[in-house]
Q: 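Before we start, here is the structure in question, set down as structure tokens.
Computed over heavy atoms, backbone and side chain alike; hydrogens, waters and symmetry mates excluded. Order of appearance sets the numbers: ligands from 1, and atoms from 1 within every ligand.
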Amino acid sequence: MGSRRYVLSVDQGTTSSRATVLDAKLRVCGVGQKEFTQFFPKPGWVEHDLNEIWASTEWCIAKALRSAGIKGSDLAAIGITNQRETTGLWHRGTGKPLHKAIVWQDRRTSALCGELKALGHEAKVKETTGLVLDPYFSGTKVKWLLDSVRGARAKADAGELAFGTIDTWLVYKMTGHASHVTDVSNASRTMLMGLQSLEWDEAMMSMLDVPRSVLPRIAASAEVYGMTRGMKSLPDGIPVSGMAGDQQAALFGQACFTPGESKCTYGTGAFLLMNVGEAPVASKAGLLTTVGWKLDGKTTYALEGSCFIAGAAVQWLRDGLGLIKKASDIEALAKTVKTSGEVVFVPALAGLGAPHWRPDARGLFAGIDRSTTRGHLARAVLEGIALQIQDLAEAMKLDSGRDIPAFKVDGGAVKNDLLMQYQADILGTNVVRPKNVETTSLGAAFLGGLGVGFWKSADDVRRVWKADKVFKPKMSEGERAQHLGKWREAVKRA
Ligand code: ADP
């Protein structure tokens, strides 16, 4: 290892890029973070400039090294994690993007998805890829680029173009255009990879008109994809050796290595992922089946469910209602009452996702009377966030046939002890908050380190992973049933 005592984690997110330098004990030694431009060319369209993403990544790496007080040559490995599904297309030789990247939130391919559904492709997509036929995923976005950018199809057929999600773009740039590669977790979000075969699927490629010539190699989540070359922020010759999509990296960073172990990220929305082991589990409840990671030839699969609104409900209380000044004030306000009384809040501010799938549902406060105070409303909002996650967890338990032994949490809203305690109460499961809640960055660092033997095995990761606080369920069964009963009634009315 010599002087190479550090690992660099690059977390390329939807609104900002971030780089973190960690040592072998996973201490954070330096960080750099930079926001970049969001483009909204039409209603429902969201784009990013690939070159700006790259420039912001270089900037963050330089800043992280500076703040850690180390040189690039002190790095043993680089791990990458990224906003998933966002789709780019560039010239293989020059690296020049053909168009801005189409972001995961972009809905421009809704009509195309509608057409594919009308042709009866939905079941096939689900069976082959584990996904639902939705503009969210990369497949229809690549087709849009190939069909809409002048000359793109001809160039693709001539082998001149490369498609990639952001992981692929970053490795391509880091290695001086030498490596065109993605990892299984990112590939599982393209709608082009077979979930069982872990290879590009001929039927999906032909359904989506995507030629093999543009597709990257699919690799494991920890292996040497290439060496840095020609970067501004780093010297040549540092191995890029770990990659996973952001939610999968968080599952890994939470050390959820045993089937059933789950993590939930509470940000603007919430993402729940459960490790389901070495075989994919098909969902009956509208959850997604996805690849967690592939390590040492072994693939770990996951079930995934998300809520569109989690912390965003707290923002609404702050900005929409003006009930609080800052997000963290909600806890003190909620504590002004002992219980939410009869008040129930359904956070369907943007429809209801899995397992309800009711896009037209809208938010609801139920059970208000003349004794209701601001405190009751605040408490009900926090409970509503936890209750929708309980619905997801219930669906996951049914789909997987497994209990959840540990429910690990991260994201901006997990500072809220009242929310975490209620989550434990309503799940009837221990909720575990780690010391380091930057689990996405941690996951990428682990993968990068494992790829070069900086850490030897996932057990090393388990050893350094530390819980900050365990919230144990305290609510009686009767009270829990009462809360769930009121919630289910309210959801029907949302
Ligand atoms: P994202 O990555 O989606 O931008 P973060 O992980 O940074 O989100 O979390 C920010 C979200 O957490 C915001 O929606 C905010 O309202 C919520 N939040 C922050 N602090 C608290 C708190 N103490 N209690 C409840 N929600 C909070």
Side-chain angles (χ1 to χ4, degrees), residues 9 11-18 20 31 33-36 38 46 48 60 81-86 103-105 136 166 245-251 253-254 263-273 304-337 340 345 347-350 353 363 374-375 377-389 408-424 426 431 433-434 436-444 468-469 471:
S9 156
D11 178 358
Q12 205 301 304
T14 308
T15 55
S16 71
S17 304
R18 213 178 139 85
T20 310
V31 184
Q33 181 158 9
K34 194 169 178 61
E35 291 196 4
F36 56 88
Q38 310 287 316
V46 190
H48 290 161
C60 292
T81 181
N82 54 290
Q83 52 166 323
R84 304 176 302 172
E85 297 101 9
T86 297
V103 179
W104 57 272
Q105 296 150 327
Y136 182 12
I166 298 297
D246 52 12
Q247 297 305 322
Q248 286 95 333
L251 189 68
Q254 287 275 25
K263 74 90 201 172
C264 189
T265 301
Y266 300 70
T268 310
F271 283 90
L272 176 57
L273 270 78
E304 172 173 327
S306 48
C307 309
F308 307 126
I309 302 285
V314 179
Q315 288 168 1
W316 170 70
L317 221 56
R318 182 192 65 194
D319 306 335
L321 297 190
L323 277 190
I324 47 177
K325 278 219 176 69
K326 48 186 199 308
S328 55
D329 293 343
I330 191 171
E331 190 167 358
L333 181 56
K335 279 186 179 153
T336 59
V337 292
S340 51
F345 175 66
L349 308 183
R374 290 152 21 108
L377 298 186
R379 200 162 184 121
V381 164
L382 293 176
E383 293 179 356
I385 293 170
L387 282 157
Q388 56 175 356
I389 288 162
K408 295 177 171 175
V409 297
D410 52 57
V414 303
K415 292 187 290 272
N416 192 315
D417 284 0
L418 195 142
L419 172 63
M420 293 299 107
Q421 182 58 49
Y422 186 78
Q423 189 71 78
I426 209 68
V431 164
R433 183 171 64 198
N436 185 340
V437 291
E438 297 294 340
T439 56
T440 313
S441 288
L442 273 192
D468 161 47
K469 188 161 176 180
F471 298 86

Q: One pair to check against side chain to side chain contact (heavy atoms under 4.5 Å, CB included): R18 and S441. What are the steps and the verdict?
A: CA-CA 9 Å; R18 213 178 139 85; S441 288; 4.1 Å; yes
Q: Quick one: which ligand 1 atoms are inside 4.0 Å of a heavy atom on I330?
A: 24 (N), 25 (C)
Q: Check this for me: does any side-chain nitrogen of one of D417 and R433 sit under 4.0 Å from a carboxylate oxygen of the other?
A: yes
Q: Between the side chains of Q12 and S17, is a donor N or O closer than 3.5 angstrom to an acceptor N or O?
A: yes
Q: Using a 4.0 Å cutoff against the non-hydrogen atoms of G411, which atoms of ligand 1 qualify?
A: 6 (O)
Q: Using the side-chain contact (heavy atoms from CB on, under 4.5 Å) rule, pick out the option among L377, I324, L419 that qualifies with I330.
A: I324
Q: What protein heavy atom sits nearest atom 12 (O) of ligand 1, and how far off is it?
A: A413 N, 3.7 Å
Q: What is the closest protein heavy atom to atom 23 (N) of ligand 1, and at what distance does it sit?
A: S328 CA, 3.4 Å
Q: For atom 13 (C) of ligand 1, grab the closest protein heavy atom and report residue, atom and distance to one decimal in Å.
A: Q315 NE2, 3.3 Å
Q: Roughly how far, to the nearest 0.5 Å, is OG1 of T14 from CD of Q83?
A: 4.5 Å
Q: State, without any angle test, whether D11 and T81 hold a side-chain donor-acceptor pair at a distance under 3.5 Å.
A: no
Q: Please state which protein non-hydrogen atom is closest to atom 16 (O) of ligand 1 and give its distance, to 0.1 Å?
A: G311 O, 3.0 Å
Q: Tell me: protein heavy atom nearest atom 2 (O) of ligand 1, and distance?
A: G267 CA, 4.8 Å
Q: Quick one: does ligand 1 sit under 4.0 Å from the side chain of A310, the backbone, both or neither, non-hydrogen atoms only?
A: neither
Q: Against heavy atoms of A312, which atoms of ligand 1 measure under 4.0 Å?
A: 14 (O)
Q: Verify side chain to side chain contact (heavy atoms under 4.5 Å, CB included) between V409 and Q423, making sure each step is shown before the conclusion.
A: CA-CA 10 Å; V409 297; Q423 189 71 78; 5.7 Å; no
Q: Answer with yes or no whether L419 contacts ligand 1, where contact means a heavy atom under 4.0 Å from a ligand atom.
A: no
Q: Identify the closest protein heavy atom to atom 1 (P) of ligand 1: which residue and atom is it, and at what distance?
A: T268 OG1, 3.6 Å
Q: Tell me which part of T265 gets within contact of ligand 1: side chain, backbone, both or neither, using heavy atoms under 4.0 Å.
A: neither
Q: Using modelled atom types and a 3.5 Å cut-off, is there a donor and acceptor pairing between side-chain atoms of Q254 and backbone atoms of P434?
A: no
Q: What orientation do F345 and W316 show, parallel under 30°, tilted 30 to 60°, or perpendicular over 60°?
A: parallel
Q: Closer than 3.5 angstrom, by distance alone: can the side chain of E331 be matched with the main-chain N or O of L418 as a donor-acceptor pair?
A: yes
Q: Among all the protein's non-hydrogen atoms, which is closest to atom 25 (C) of ligand 1, and how far away is it?
A: N416 ND2, 3.6 Å
Q: Can you tell me the protein heavy atom closest to atom 9 (O) of ligand 1 and the distance?
A: G412 CA, 3.2 Å
Q: Which option wins on minimum heavy-atom distance to atom 18 (N) of ligand 1: S16, A327, A313?
A: A327
Q: Could you tell me whether ligand 1 has any atom less than 4.0 Å away from a heavy atom of E331?
A: no
